[in-house]
Chemist: 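Can you keep this structure in mind? I'll have questions shortly.
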Protein chains: 2
Amino acid sequence: MSAQAQHPEASVATTPKAPRRAPASDAGADTRDRLIDAARACLQSEGIAGVSARAIARHGDLNQALVFYHYGAVEGLLQEVARIDSDRRAQLYATELAAVATLAELVAVGRRIHDAEAARGSTVVLSQLLAGAHSSPALGEAVHGGMAAWTTLVEQALGRVLANTPLASVVPIGDIAYAIASLFLGLELMGGVDGDLERVDSLFTSLDAVSALVDALLRSGTA
Amino acid sequence: MSAQAQHPEASVATTPKAPRRAPASDAGADTRDRLIDAARACLQSEGIAGVSARAIARHGDLNQALVFYHYGAVEGLLQEVARIDSDRRAQLYATELAAVATLAELVAVGRRIHDAEAARGSTVVLSQLLAGAHSSPALGEAVHGGMAAWTTLVEQALGRVLANTPLASVVPIGDIAYAIASLFLGLELMGGVDGDLERVDSLFTSLDAVSALVDALLRSGTA
DNA sequence: GTCTATACATGGATAGAC
DNA sequence: GTCTATCCATGTATAGAC
């Protein structure tokens, strides 16, 4: 994904050139959207190793040069994808998790989100971006924000679930939230390889039963 | 990572050419080992997106053409890396998990394995291979075997832990084992991005406490 | 803002010398 | 079995026309 670097680096971008990122202005906004979508599609079907300005352009029937005009380089575009997806995800999770008050509900929301994200293919995109982030600090930074927001939201929901419960002071909520977020990621990666769609479904069904049990125990231990 | 494919495909490899895989014979065995090591190092420091025959050669001070002579193509070499690492991992896990009889021991083994694998960098390699596997069925196949073996070993250990326990008939061992394996993977990916080494340590410490508690409950519920 | 054309670099893969 | 040299495909990035 990288060749040379005869770019003048991060100069101040004097006047009309190299809008390192979206100029925020009106015109070309549609093209930028199409570039984002194309990059996502490319990431999804070719993987991070198959991404290039030309490959992205193909996926959106766009001109290869537009990547450089609007984002300076392929990586700039990928960073933008990471940011946008992070925001969308944060909003989705915030909405879904807002009403969660029991473990069973948390599991149900987890399944719903997983199914929706898997169907949309956005977890594939995320895992590919994460793999790419390993060798690109800037991309890593762009992805990291989204992960942190994710973990925080799960943490808050967990806090609500366990509030006024004997477990509240025992269970390390931050750790568990981190584990849950990691588990989500791992499930996607595993699923991408073994192609076993029923596995995750079975897992969630098991968690349904277990969470209902724990909820009952919690209610009896509190009240 | 791919350009053209003017390779005669998987012909029968008449006589002296294109030993699609390691000829198993003596000579050149050392070179093959060095190629494997170089590929691993390359995967680790450049990521799947930065892997190429030339990049691999650089990492091992080898000649680029050797990749094609010994493995037919870059992907063949990566598949070999996946297989070898899978075998090593399966052996390590089998040894470590053999003595596990309680949840606390399982957690302790989990921490030890995670630390060892993280220190060695082999989880980074695995996650990069997994990302690459998404767009390469053959590589996916090579990686999948290792994951399955992994899950199976955890499953067997869990079975032993819960044997003669009220939970044995309630807990879906296969699902939990799959979740544990996924969690391992996810933790590595997360860690690669947020660079927070203490997080996982903290998580394992929490799990130590929880597992000890559950073990006590199990023992009192059985005996 | 978008396109075509083009420079230059890198990578896959092979032939042939050693 | 390993190396050098080489061909050709692909990719990055820019210049300049529209």
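So you know, we letter chains A, B, ... as the sequences are listed, proteins then strands, and number each from 1. Excluded from the calculations below are hydrogen atoms, water molecules and symmetry mates; all remaining heavy atoms, backbone and side chain alike, are included.
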Chemist: How many Å lie between OH on Y69(A) and C1' on dA13(D), as a whole number?
Modeler: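 Result: 15 Å.
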
Chemist: How are the rings of F184(A) and F204(A) set to each other: parallel, tilted or perpendicular (split at 30° and 60°)?
Modeler: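 Rings of F184(A) and F204(A): perpendicular, over 60°.
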
Chemist: Whole Å only: how far is the CG atom of L66(A) from the P atom of dT4(C)?
Modeler: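 Going from L66(A) (CG) to dT4(C) (P), I get 10 Å.
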
Chemist: In whole angstrom, what separates F68(B)'s CZ from dG16(C)'s P?
Modeler: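 Checked: the CZ to P distance equals 18 Å.
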
Chemist: Does the side chain of S122(B) reach to within under 4.5 Å of the side chain of R88(B), using non-hydrogen atoms?
Modeler: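 Yes. Closest side-chain heavy atoms under 4.5 Å.
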
Chemist: If I take atom CG in residue L62(B) and atom P in nucleotide dT4(D), what distance separates them, rounded to the nearest angstrom?
Modeler: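 After rounding, the gap between these two atoms is 12 Å.
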
Chemist: Nearest to the T31(A) side chain among dA5(C), dG1(C), dA13(C), which nucleotide is it?
Modeler: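 For the T31(A) side chain, the nearest candidate turns out to be dG1(C).
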
Chemist: dA13(C) P sits how many Å from L77(B) CG, rounded?
Modeler: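 Those two atoms, CG and P, are 12 Å apart.
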
Chemist: Specify the residue among A55(A) and A65(A) whose closest nucleotide of DNA chain D lies further upstream toward the 5′ end.
Modeler: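 Comparing both residues, the 5'-ward one is A55(A).
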
Chemist: Cut-off 3.5 Å, side chains only: do H59(B) and E46(B) have a donor facing an acceptor?
Modeler: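 Per modelled atom types, H59(B) and E46(B) side chains form a pair under 3.5 Å.
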
Chemist: CG of N63(B) versus P of dG12(C): gap in Å, rounded?
Modeler: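 Distance, rounded to whole Å: 13 Å.
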
Chemist: Within the distance-only criterion (no hydrogens, no angle test), does the side chain of S202(B) pair as donor or acceptor with the backbone N or O of E198(B) below 3.5 angstrom?
Modeler: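 Not a single qualifying donor-acceptor pair exists.
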
Chemist: Between dT2(C), dA13(D), dA13(C), which nucleotide gets closest to the side-chain atoms of H70(A)?
Modeler: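 It is dT2(C).
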
Chemist: How many Å lie between CZ on R54(B) and C1' on dT4(D), as a whole number?
Modeler: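 After rounding, the reported distance stands at 12 Å.
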
Chemist: Send over the distance from Q64(A) CD to dA13(D) C1', rounded to a whole Å.
Modeler: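 Rounded to the whole Å, the gap is 8 Å.
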
Chemist: Return no unless some side-chain N or O of R58(B) is found under 4.0 Å from OP1 or OP2 of dG11(C).
Modeler: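 Looking at the OP1 and OP2 atoms of dG11(C), one of them is under 4.0 Å from a side-chain N or O of R58(B).
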
